Amino acid sequence: LFLALSCDYRLMRTERGYLCWPELNLGMRLAKGFAELSRAKILPATLREGVLTGRRYGSTDAIRAGIVDEECEVGELMVRAEEIAEAGLPDNLNAANFDAASFRQMKIELYTDAYRALSMGSVDAEPESRL
């Protein structure tokens, strides 16, 4: 799930597999970077349910919950993934004045807490309460 959340768009195969936060079932806590990335990319109600219950989301439920953007059969997976990736290339964004450095900065600004936790923190850093 961590790798999937690191992506801008998420595509999941149908019929087999699931996404979950396994920490509850493994007796672990969330690493700070993973917690911040999850918080940045997942709706609060979905995150609460996924983390606190260990729920497993199949592709259809993952779409409904906002964890993934699309689902497709395994035979179509690579073709569809390539289409999504190609659409995100600078030449295909139809931006009047695309600047890679500005694009990178926009992503950092969208996910500031996750960026800081992943690039400047340590895996065993204590969580910081927002209360």
Side-chain angles (χ1 to χ4, degrees):
L1 183 56
F2 182 77
L3 181 59
L5 291 179
S6 299
C7 299
D8 293 322
Y9 300 97
R10 290 172 292 284
L11 177 64
M12 186 172 176
R13 68 177 284 183
T14 57
E15 301 175 20
R16 185 174 172 197
Y18 60 87
L19 294 173
C20 72
W21 285 264
E23 288 78 5
L24 178 71
N25 292 307
L26 297 173
M28 301 169 54
R29 71 176 188 89
L30 288 174
K32 183 174 173 71
F34 185 39
E36 291 295 345
L37 183 61
S38 295
R39 192 176 291 120
K41 301 272 185 118
I42 302 298
L43 297 170
T46 300
L47 184 58
R48 180 183 60 234
E49 178 185 54
V51 171
L52 300 181
T53 69
R55 178 177 175 185
R56 293 177 175 189
Y57 295 86
S59 61
T60 301
D61 288 338
I63 288 175
R64 286 188 196 123
I67 301 171
V68 299
D69 300 294
E70 293 183 38
E71 65 180 348
C72 67
E73 293 181 11
V74 69
E76 301 168 15
L77 197 60
M78 289 303 295
V79 171
R80 184 63 189 129
E82 289 172 1
E83 289 171 354
I84 293 168
E86 190 173 311
L89 292 173
D91 290 344
N92 298 331
L93 291 175
N94 297 319
N97 190 20
F98 181 84
D99 178 71
S102 295
F103 193 65
R104 177 181 183 271
Q105 192 62 37
M106 283 190 282
K107 288 186 177 191
I108 291 171
E109 291 165 355
L110 281 174
Y111 311 116
T112 299
D113 291 339
Y115 173 78
R116 286 182 181 151
L118 291 166
S119 64
M120 299 174 206
S122 65
V123 172
D124 59 349
E126 290 295 318
E128 297 171 13
S129 174
R130 295 179 188 221
L131 299 177

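Keep in mind that what you see is a predicted model, and the values were worked out from it rather than measured.
Within a 6.0 Å radius of CE in M106, other residues, nucleotides and ligands contribute more than 12 heavy atoms.
Under the 4.5 Å side-chain contact rule for hydrophobic residues, F34 and L24 do not share a cluster. Following chains of ILVMFWY side-chain contacts shorter than 4.5 Å, one can reach M120 starting from I108, so the two form part of one hydrophobic cluster.
Shortest non-hydrogen contact noted between Y57 and G50 is OH-N, 3.7 Å.
Legend: residues meeting side-chain contact (heavy atoms from CB on, under 4.5 Å) with V68, ordered by chain and number and at least two apart, are R10, M12, L19, A62, I63. Judged as a side-chain contact (heavy atoms from CB on, under 4.5 Å), and not counting sequence neighbours, the contacts of Y18 are C20, R56. Qualifying side-chain contact (heavy atoms from CB on, under 4.5 Å) partners for L89, counting only residues two or more places apart in sequence or in other chains: E86, N92.
How far CD of E73 is from OG of S59: 10.0 Å, rounded to the nearest 0.5 Å. Going from atom CG of L52 over to atom CG of L47 covers 8.0 Å, rounded to the nearest 0.5 Å. Here the CD atom belonging to Q105 is positioned 10.5 Å from the CG atom belonging to D99, to the nearest 0.5 angstrom. Note: S38 OG to I67 CD1 = 9.5 Å, rounded to the nearest 0.5 Å. Separation of atoms CG (D69) and CD (E71) is listed at 11.5 Å; rounding is to 0.5 Å. In this structure, CE in M78 is found 11.5 Å from CD in E83, a value given to the nearest 0.5 Å.
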Apply side-chain contact (heavy atoms from CB on, under 4.5 Å) to residues L118 and Y111 and explain how you reach the verdict.
CA-CA 11 Å; L118 291 166; Y111 311 116; over 6 Å; no
What's the verdict on side-chain contact (heavy atoms from CB on, under 4.5 Å) for Y115 and E36, showing C-alpha distance, side-chain angles and the deciding distance?
CA-CA 8 Å; Y115 173 78; E36 291 295 345; over 6 Å; no
With side-chain contact (heavy atoms from CB on, under 4.5 Å) as the test, would you mind laying out the steps for L1 and W21 before giving the verdict?
CA-CA 7 Å; L1 183 56; W21 285 264; 3.4 Å; yes
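Panel note: side chain S6, backbone F2; a donor-acceptor pair is recorded below 3.5 Å. Counting only distance, with no hydrogens or angles, the side chain of E70 and the backbone of L11 share no donor-acceptor pair below 3.5 Å.
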